[in-house]
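Just below is one structure, and these are the notes that go with it.
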Amino acid sequence: MSHAKRLTRRFFRRDPETLARALLGQVLVRRLPNGKLLSGRIVEVEAYLGIEDKAAHTYGGRRTERNASMWFDGGHAYIYFTYGMHYCMNVVSARAEVPTACLIRALEPLEGLDEMRRRRARTRLPARLKDSDLCSGPAKLTQALGIDRQLDGVDLVTSDELFLVRGRKVLGANLTVAPRVGISYAKEWAWKPLRFFLRGNPHVSR
DNA sequence: ATGACGATTTACT
DNA sequence: GTAAATCGTCATA
């Protein structure tokens, strides 16, 4: 898996909705400082459309220290801290100065399941965790893969710590579209169909 | 300097 | 279904 073909800049420089659909089925790879490889196949993503999107951190053109990397070129990582305890990871879309991104909401774990179990074991016993408890949510997967603010702004096209490789093709018939999660404050933007996931996949968030 | 609030997860009734 | 956990960030002053 770590030898598979990496996704190029060209792949990421698309509008967030198109990129979100294209990200389904691709593989996110994390190389830990000790060299261990953790990876998972993307099964759920949301698109954030930037300045016009009331649910986006860059709504209205907001540019702060926290969301700075969302303004980077497509293919960078935007990782933020939320609820006083969780990290979430986005893949930045489009070009530099066009602050749009795709939130990675769930992965199907592929490599390093034991390490993921250990990292997810803060509350429960590792042995009691099902595979579908490891990466079935945006903050679960960052915890499982050891992704935090240190990786905010890294270039996924060139980094050896965090990157994406080409996965198996996804069948259109398995792709489901739905409203995004946890953004009821965004009013009319809350029910736009910008969440994409693989129908019936057990690793999709609940 | 202050206060309100999360692009969530977990446990419990 | 409801609620607690927990604190950096941002808008306001």
Side-chain angles (χ1 to χ4, degrees), chain A residues 12 15-17 19-21 23-24 28 40 42-72 74 76-94 98-107 109 116-153 156 162 176-197 202-206:
Chain A
F12 298 105
D15 71 87
E17 201 173 335
L19 179 63
R21 289 173 178 272
L23 280 170
L24 286 175
L28 178 66
I42 298 174
V43 297
E44 181 181 356
V45 203
E46 285 178 355
Y48 285 84
L49 308 197
I51 294 173
E52 57 173 339
D53 181 355
K54 280 190 176 135
H57 290 165
T58 50
Y59 174 61
R62 285 198 303 268
R63 187 171 200 156
T64 64
E65 201 168 338
R66 174 169 82 148
N67 71 19
S69 50
M70 205 169 151
W71 294 77
F72 288 3
H76 286 77
Y78 167 44
I79 295 155
Y80 66 91
F81 183 67
T82 191
Y83 288 104
M85 63 192 100
H86 299 303
Y87 295 96
C88 294
M89 173 183 171
N90 292 256
V91 173
V92 176
S93 47
V98 182
T100 59
C102 301
L103 172 70
I104 309 300
R105 285 196 59 89
L107 303 174
M116 293 185 196
R117 237 180 286 279
R118 249 170 270 138
R119 289 171 176 273
R120 288 277 301 138
R122 291 199 167 264
T123 50
R124 273 182 261 179
L125 250 47
R128 291 299 177 84
L129 288 169
K130 295 176 294 182
D131 289 359
S132 60
D133 290 324
L134 300 178
C135 300
S136 55
K140 293 182 188 175
L141 70 93
T142 55
Q143 188 182 15
L145 301 207
I147 295 169
D148 63 21
R149 204 63 208 274
Q150 285 194 309
L151 291 165
D152 180 39
L156 301 167
L162 189 63
T176 304
V177 186
R180 294 173 295 181
V181 175
I183 54 157
S184 50
Y185 59 85
K187 304 195 172 177
E188 74 269 19
W189 281 86
W191 51 81
K192 290 189 186 289
L194 293 172
R195 172 176 173 240
F196 308 92
F197 61 95
H203 302 91
V204 168
S205 71
R206 53 164 181 88

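Just so we're on the same page: letters track the sequence lines, and every chain starts at 1.
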Exercise. Of all nucleotides in DNA chain C with an atom under 4.0 Å from a non-hydrogen atom of chain A, which is the first and which the last going 5' to 3'?
Worked result: dA5(C) to dA11(C)
Problem set entry | Any residue meeting side-chain hydrogen bond (donor to acceptor under 3.5 Å, both in side chains) with Arg117(A), in chain and number order, not counting sequence neighbours | Asp131(A)
For this session: Could you summarise the pairing of DNA chain B as dot-bracket text, marking Watson-Crick and G-U pairs under 3.5 Å with ( ) or [ ] inside the strand and | across strands?
Result: ||||||.|||||.
For this session: Please name all residues satisfying salt bridge (charged side-chain N to carboxylate O under 4.0 Å, His left out) with Arg119(A), sequence neighbours left out, ordered by chain then number.
Result: Glu115(A)
Problem set entry | All ring pair (Phe, Tyr, Trp, His ring centres under 6.0 Å) counterparts of His57(A), not counting sequence neighbours | Tyr78(A), Tyr80(A)
Exercise. So which pairs with a foot in residues 126-152 of chain A pass ring pair (Phe, Tyr, Trp, His ring centres under 6.0 Å), sequence neighbours left out?
Worked result: none
Problem set entry | Residues forming a side-chain hydrogen bond (donor to acceptor under 3.5 Å, both in side chains) with Glu65(A), sequence neighbours excluded | none
Exercise. What string of B, S and - do you get for nucleotides 2-9 of chain B, 5' to 3', when a contact is any protein heavy atom under 4.0 Å?
Worked result: ----BBBS
Problem set entry | Sequence-distant partners of His76(A), ring pair (Phe, Tyr, Trp, His ring centres under 6.0 Å), two or more places apart | Phe72(A)
Seminar exercise, completed: Hits for side-chain hydrogen bond (donor to acceptor under 3.5 Å, both in side chains) against Glu17(A), two or more places apart or cross-chain, chain-then-number order -> none
For this session: Take Lys140(A) and Cys135(A) through the side-chain contact (heavy atoms from CB on, under 4.5 Å) test and state the conclusion after the steps.
Result: CA-CA 5 Å; Lys140(A) 293 182 188 175; Cys135(A) 300; 5.7 Å; no
Problem set entry | Pairwise side chain to side chain donor-acceptor pair (under 3.5 Å) hits with a residue in residues 179-190 of chain A, at least two apart | Asp53(A)-Arg180(A), Lys54(A)-Glu188(A)
Problem set entry | For Phe81(A), ring pair (Phe, Tyr, Trp, His ring centres under 6.0 Å) partners two or more places apart | Tyr87(A)
